[in-house]
Amino acid sequence: MAIETRQMTVEEYLAFDEASEIQHEFIDGELIPMPGGSGPHNLVVAQTTAALVVALEDRDCFIFGSQMRVSIDESRYLFPDVSVVRGEPVYGDDKQVILLNPTVVVEVTSPSSLSYDHVDKVAFYGAVPSIQGYLILDQERVFAEWYTRSESGWHLRQFFNLADVIEMEPLGCTLRLADVYRSVQPSA
């Protein structure tokens, strides 16, 4: 991913990003542009969100879309495609645009974000104690990686089939890949 090199303070970043036409993640003073996703990306995000809304209907959970900024620490802010909080959300600002306590975060990969989502973000999300699960979904084929927190670090499970069901223990629900990928045409 291309990173703009101008160094900013957190305050400058928040003001810049609020006025910008696209969102930017912020890592140690550097901006990472987050342009809009493709059709398949948006379908997977929407279908995942819809499936989670149904699965969590009777639970004390809040589901946020990609407009919700998640604080990793005082110098890192990310925009997961989906964030879920079990219990009451805690915000890091008066405008309620910085989430401090997600329980599960979801990223849908694009060809340009594969390494960032699978390497950097695994470490970033691992630094947030409230995050108990990190789900990475491929936008072009049925493939999911489900990271759950354990005492020794992340535990990874992979899923490849539409019939697979992910046990989302931190949320007390399941997620069927058939629901996530129902309108996605697999790439050749």
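Numbering starts at 1 and runs along the sequence shown.
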Sub-3.5 Å donor-acceptor pair from the side chain of Glu11 to the main-chain atoms of Met8, do we have one? no
Could you give all pairs that pass the side chain to side chain donor-acceptor pair (under 3.5 Å) test and reach residues 82-102, with sequence neighbours left out? Glu18-Lys95
Under a 3.5 Å threshold, yes or no: a donor from one side chain and an acceptor from the other, between Ser38 and Gln139? yes
Considering only heavy atoms from C-beta outward, does the side chain of Leu137 approach that of Phe143 to under 4.5 Å? no
Atom CG in Leu171, atom CD1 in Ile166: separation rounded to 0.5 Å? 11.5 Å
State which residues pass side chain to side chain contact (heavy atoms under 4.5 Å, CB included) with Arg76; sequence neighbours excluded, sorted by chain then number. Ile27, Asp28, Ile72, Asp73, Phe124
Can you find a heavy atom in the side chain of Val70 that is under 4.5 Å from one in the side chain of Tyr77? no
Heavy-atom distance under 4.5 Å between the side chains of Met168 and Val84, does that happen here? no
Counting C-beta onward and ignoring hydrogens, is there a side-chain heavy-atom pair between Glu12 and Gln7 closer than 4.5 Å? no
Should Tyr147 and Val165 be counted in the same cluster of Ile, Leu, Val, Met, Phe, Trp and Tyr side chains packed under 4.5 Å apart? no
Show which side-chain atoms of residues 51-59 pair as donor or acceptor with protein atoms under 3.5 Å away, not counting sequence neighbours.
from: Arg59; atom 1: NE; to: Gly172; atom 2: O; distance (Å): 2.8
from: Arg59; atom 1: NH1; to: Ala55; atom 2: O; distance (Å): 2.8
from: Arg59; atom 1: NH2; to: Gly172; atom 2: O; distance (Å): 2.7

So CD of Gln132 and CZ of Arg149: to nearest 0.5 Å the spacing works out to 5.5 Å
Side chain to side chain donor-acceptor pair (under 3.5 Å): pairs with one or both residues in residues 43-53, sequence neighbours excluded: Gln47-Ser183
Pro102 and Ser130 have their tightest heavy-atom pair at O-OG, 2.7 Å
So, does Ser20 use its side chain to make a donor-acceptor pair with the main chain of Gln23 at under 3.5 Å? no
Assess the residue pair Leu175 and Val180 against the criterion (side-chain contact (heavy atoms from CB on, under 4.5 Å)); give the C-alpha distance rounded to whole Å, side-chain angles, the decisive distance to 0.1 Å, and a yes or no. CA-CA 8 Å; Leu175 182 67; Val180 169; 3.9 Å; yes
Examine Leu100 and Phe26 and state if one hydrophobic cluster contains both, with Ile, Leu, Val, Met, Phe, Trp and Tyr joined whenever side-chain heavy atoms are less than 4.5 Å apart. yes
About how many Å separate CG of Leu99 and OG of Ser71, when rounded to the nearest 0.5 Å? 9.0 Å
Nearest heavy atoms of Gly87 and Phe62, plus distance in Å: O-CD1, 3.1 Å
Treat each ILVMFWY residue as a node, draw an edge where side-chain heavy atoms are under 4.5 Å apart, and state whether Leu156 and Trp154 are in one component. yes
With a 3.5 Å distance limit and no angle check, can you tell me whether Tyr13 reaches the backbone of His24 through a side-chain donor-acceptor pair? yes
Pairwise side chain to side chain donor-acceptor pair (under 3.5 Å) hits with a residue in residues 157-168, at least two apart: Glu145-Gln158, Arg157-Glu169
Using modelled atom types and a 3.5 Å cut-off, is there a donor and acceptor pairing between side-chain atoms of Thr103 and backbone atoms of Ile131? no
Would a 4.5 Å heavy-atom cut-off, applied to side chains only, mark Met34 and Ile22 as touching? no
How about Val142 and Phe160: do any of their side-chain heavy atoms sit closer than 4.5 Å? no
Restricting to ring-ring contact (aromatic ring centres under 6.0 Å, His included), what partner residues turn up for Tyr125, sequence neighbours left out? Tyr134
How many angstroms lie between CG in Asp81 and CD in Glu107, if you round to the nearest 0.5 Å? 5.0 Å
Of all the heavy-atom pairs spanning Val104 and Pro170, show the shortest one and how long it is. CG2-CB, 4.1 Å
Would you call Ile136 and Val108 a side-chain contact if the rule is heavy atoms closer than 4.5 Å? no
Could you grab the distance from atom OG1 of Thr109 to atom CG of Asp138, nearest 0.5 Å is fine? 4.0 Å
Mind checking the CZ-CZ spacing from Phe79 to Arg69? Nearest 0.5 Å is all I need. 3.5 Å
Do Leu31 and Phe16 have side chains that approach each other closer than 4.5 Å (heavy atoms only, starting at C-beta)? yes
